[in-house]
Each structure stands twice: as structure tokens, then as C-alpha cells.
Amino acid sequence: MSTDNPCRKARYAGSWYAGDAESLRREIDGYLAASASDIDSYQVRMGVLPHAGLYYSGKGIARFFNNLPEETERICIIAPSHYAYLESDTITSADYTALETPLAELPCVPMCDAFPDSMKSCSPRAVGEEHAVEMALPFIARIVELRGKPISVSLMLVSSFSSGDVVREIASHLLEGVGKESILSGKTVLIASSDFTHYGARFGHTPYGSDDIGSILSSVEEHDRSFADGFAAGKIDELLQRYYDEHPTICGFAPALLLSEVARVLGLTGVVVDYYSSNDLAKVPLPDFVSYCTVFWE
């Protein structure tokens with residue numbers, strides 16, 4: 001990437017979330033305040049968080065940042081790619097040195113050196129266009145303002161894995177790159193960016209039909225929670241087999257699988273803390289909807 005443009009632009013500001021600083025502060029603070037009413041607290045070290053526009057994902061993202069360790073100095077976001085083809089078993093990054101938000105620029109730490117050449121690629125376009133890496137950035141910028149302490153960010157994309165052995169190998173390189181003790185102490189936290197089931201004709205996914213929306217929502221939740229429970233428990237090989245057997249529309253399956261393995265190695269405890277769908281925010285239930293689930297490891 002040219003050094004003339006080392007800053008990743010806030011591509012979705014003004015559309016997927018507020019584009020000016022004051023409006024964005026109000027938006028983020030509203031999600032944080034609503035989430036703060038939840039009585040549960042967690043010593044989070046990693047999480048699976050949604051990445052739709054903040055109207056939909058703000059609730060799930062805020063829950064994580066209300067539990068962000070005071071010690072946190074770095075956040076690594078691992079996301080799928082919605083707009084660019086990425087080879088399987090490959091971590092894609094870019095050499096950005098800063099990340100734009102409407103609040104402030106965040107320092108960016110590239111992660112390419114953590115992985116062997118056979119397992120990495122560099123694509124500023126893929127990382128620059130990807131909304132799944134961007135939705136958490138306004139929250140990070142706001143936390144930096146509120147705490148008065150800098151937080152750096154690393155961005156990575158991964159599309160799919162061919163085997164559990166590859167997941168384990170990449171997880172090992174990731175752990176070596178960020179440091180086990182850094183994660184355990186809360187200085188570095190990891191985020192897997194993923195929405196869960198995309199249901200309906202719009203997404204070409206209607207395994208439970210299209211008539212009884214109540215039954216559909218119940219079946220989708222049961223299905224999603226079974227995957228979320230698997231992520232929380234570190235069932236890498238079982239989940240990967242299910243993925244190839246069932247072809248679920250969980251868009252960040254690979255990032256979540258990678259964090260699940262990292263958590264297993266570190267002995268962290270996983271818990272499913274939130275589940276809802278776009279229909280929970282709609283005036284009437286719609287046949288096309290997306291579900292969102294948050295998983296924490298502490």
C-alpha cells in the first residue's frame with residue numbers, strides 16, 4: 001500500500017452510523033447506557049460481536065465495551081470479507097498506520113508479520129472496504145475519549161478454514177504475535193466480527209419455510225445458540241464439520257472459530273451473553289431477517 005495514504009477511511013460513517021462527532025457520541029453513549037443497565041459483568045478477554053449497522057449491532061457491541069478491561073491497550077478485530085474474495089486458510093491484513101473515525105484517528109498496528117508467508121496476504125482494498133472491521137471502531141474511539149488512554153487496533157480478515165489443524169496452526173501464530181500474557185492480563189483483547197443466521201428469500205436461506213414466522217424465529221434461535229455454545233466451548237472440529245454439512249449463513253464463522261481455538265488454548269471460559277434478531281427491532285416480524293449473538297470469553 002502506498003505510504004501516501006496510510007489511514008483507513010471511515011467508509012460507513014454517515015450511513016451505517018452517525019457521521020459527525022457530536023451525533024456519534026450521543027449514539028454510542030446511548031448504546032453504552034442501555035447496556036450498562038444489564039446486571040451481569042464479565043472479565044472479558046475476547047468476544048464474538050455483531051457488525052450490522054449500529055441500529056442493529058449497537059446493543060451487542062456495547063455490552064462488550066462496557067466490560068472492556070481498564071488495562072486494555074490494544075484491540076485486534078478479526079472479520080470476514082463481504083466484498084473481496086479471499087483464499088481459504090489465509091489471514092489478510094493491510095499496512096494501515098491509522099484508522100479514521102468521526103471522533104478521532106486510532107493508531108493501527110499491522111499484523112502481517114505474525115503469520116508465515118503461506119498463510120498471509122495484504123489487501124488494503126479488502127480491509128478498507130470491509131464493514132465488519134469498522135462497526136467497533138466508533139466504540140473504541142469513544143472509550144479512548146472517556147478513559148483518556150490510547151488504544152491501538154489491529155485489523156485482520158479470514159474467509160474460511162479447510163481443517164481444524166489449520167485453525168490450530170493459525171491460532172498458534174496469532175497467540176505468538178499478540179502474546180498469551182497480554183491477552184490473559186487484558187492488555188490485548190480480541191474481537192471476532194460476526195452476525196449469525198441471515199434468513200429468508202433475500203439471502204437464499206429458508207430451511208424452516210416462510211409461513212410461520214414465530215416457529216421460524218424459534219428454530220433459527222435454537223440453531224444459532226447451538227453454534228454459539230460450540231464456540232464458547234471450543235468445539236473446533238465439531239463446528240467445522242457442521243459448517244460443511246449444514247452451510248449456515250453465519251458470516252463470521254471463520255473468525256469466531258479462530259477465537260474459539262485461542263480461548264481453548266488459554267483456558268478461558270466462554271459464555272453466550274446476548275441473542276436477538278433484526279425482527280426484535282422491527283414494528284412487525286419480517287420473513288427476511290438477521291440474527292445477532294454475542295459470545296464472551298473471560
Side-chain angles (χ1 to χ4, degrees), residues 12 15-17 27-28 30-40 42 44 47-67 77 79-80 82 130-136 138-139 191-233 239 242-243 246-257 259-260 270-296:
Y12 298 93
S15 54
W16 290 46
Y17 56 88
E27 184 175 10
I28 298 297
Y31 292 125
L32 291 172
S35 173
S37 64
D38 296 326
I39 61 174
D40 295 329
Y42 302 89
V44 297
V48 178
L49 307 183
H51 58 230
L54 292 194
Y55 177 80
Y56 296 102
S57 67
K59 172 183 177 180
I61 297 174
R63 188 84 174 269
F64 183 83
F65 283 96
N66 269 331
N67 288 277
I77 302 173
H82 289 83
E130 183 52 55
H131 70 265
V133 301
E134 188 169 323
M135 294 306 110
F139 282 87
I191 293 172
S193 181
S194 182
D195 294 338
F196 274 65
T197 292
H198 297 59
Y199 195 92
R202 173 188 170 194
F203 306 108
H205 184 72
T206 56
Y208 308 116
S210 57
D211 296 329
D212 187 345
I213 188 63
S215 176
I216 291 170
L217 288 167
S218 178
S219 296
V220 168
E221 179 172 357
E222 181 180 0
H223 176 269
D224 282 342
R225 285 187 177 275
S226 71
F227 271 90
D229 288 340
F231 291 135
L239 288 169
R242 284 190 63 191
Y243 182 82
E246 301 175 18
H247 305 288
T249 53
I250 301 172
C251 56
F253 176 83
L257 198 68
L259 256 62
S260 183
V271 57
V272 180
V273 299
D274 220 348
Y275 183 86
Y276 60 101
S277 80
S278 55
N279 267 330
D280 292 312
L281 303 173
K283 294 181 179 179
V284 294
L286 301 173
D288 299 318
F289 62 90
V290 179
S291 57
Y292 313 103
C293 189
T294 51
V295 182
F296 290 170

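Source: prediction; values computed, not measured.
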Task: side-chain contact (heavy atoms from CB on, under 4.5 Å) between S277 and V220, intermediate numbers included - done: CA-CA 10 Å; S277 80; V220 168; over 6 Å; no
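- Considering all non-hydrogen atoms of both residues, F227 and E246 come closest at CE1-OE1, 3.7 Å.
- In terms of the ring pair (Phe, Tyr, Trp, His ring centres under 6.0 Å) criterion, Y56 has no residue partners (sequence neighbours excluded).
- Pairing each heavy atom of L239 with each of G230, the nearest pair is CD1-C, 3.5 Å.
- By the side-chain contact (heavy atoms from CB on, under 4.5 Å) test, T294 pairs with L49, P50, V273, D274, F296, sequence neighbours left out.
- Summarising the geometry, atom OH belonging to Y42 is positioned 5.0 Å from atom CZ belonging to R63; distances are rounded to the nearest 0.5 Å.
- Taking both residues in full, the closest heavy atoms of I77 and A136 are given as CD1-CB, 4.1 Å, listed atom of the first, atom of the second, then distance.
- At distances below 3.5 Å, at least one donor-acceptor pair connects side-chain atoms of S278 with backbone N or O atoms of V290.
- No donor-acceptor pair closer than 3.5 Å links the side chain of D229 to the backbone N or O of V272.
- For the ring-ring contact (aromatic ring centres under 6.0 Å, His included) test with F139, the passing option among Y17, F65, F64 is F65; the others fail.
- Residues that satisfy the side-chain hydrogen bond (donor to acceptor under 3.5 Å, both in side chains) test with S226, not counting sequence neighbours, are R242.
- Listed here is the closest heavy atom pair of H51 and W16: O-CZ3, 4.0 Å.
- For residues 218-227, the set of pairs meeting the salt bridge (Lys or Arg N to Asp or Glu O under 4.0 Å) definition, not counting sequence neighbours, comprises E221-R225.
- Across P80 and S193, no two heavy atoms sit closer than the pair CD-O, 3.1 Å.
- For the side chain to side chain contact (heavy atoms under 4.5 Å, CB included) with P285, the lone residue among I216, I213, D280 that qualifies is I213.
- In this structure, E130 contributes its side chain and A132 its backbone to a donor-acceptor pair below 3.5 Å.
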TODO: Evaluate the criterion side-chain contact (heavy atoms from CB on, under 4.5 Å) for residue pair H223 and F196; output intermediate values, then yes/no.
DONE: CA-CA 10 Å; H223 176 269; F196 274 65; over 6 Å; no
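- Residues forming a side-chain hydrogen bond (donor to acceptor under 3.5 Å, both in side chains) with S194 (at least two apart in sequence, or on another chain): none.
- Y199 meets the ring pair (Phe, Tyr, Trp, His ring centres under 6.0 Å) test with H205, F289; sequence neighbours excluded.
- Here the side chain of Y31 pairs a donor or acceptor atom with the backbone of L54 at under 3.5 angstrom.
- Using bins of under 30°, 30° to 60° and over 60° for the plane-to-plane angle, the ring pair Y292/Y276 lands in the tilted bin.
- Here the CD1 atom belonging to I250 is positioned 10.5 Å from the CG atom belonging to D195, to the nearest 0.5 angstrom.
- Considering all non-hydrogen atoms of both residues, V48 and A256 come closest at CG2-CB, 3.9 Å.
- Note that OG of S219 and OH of Y208 are 5.5 Å apart. Values are rounded to the nearest 0.5 Å.
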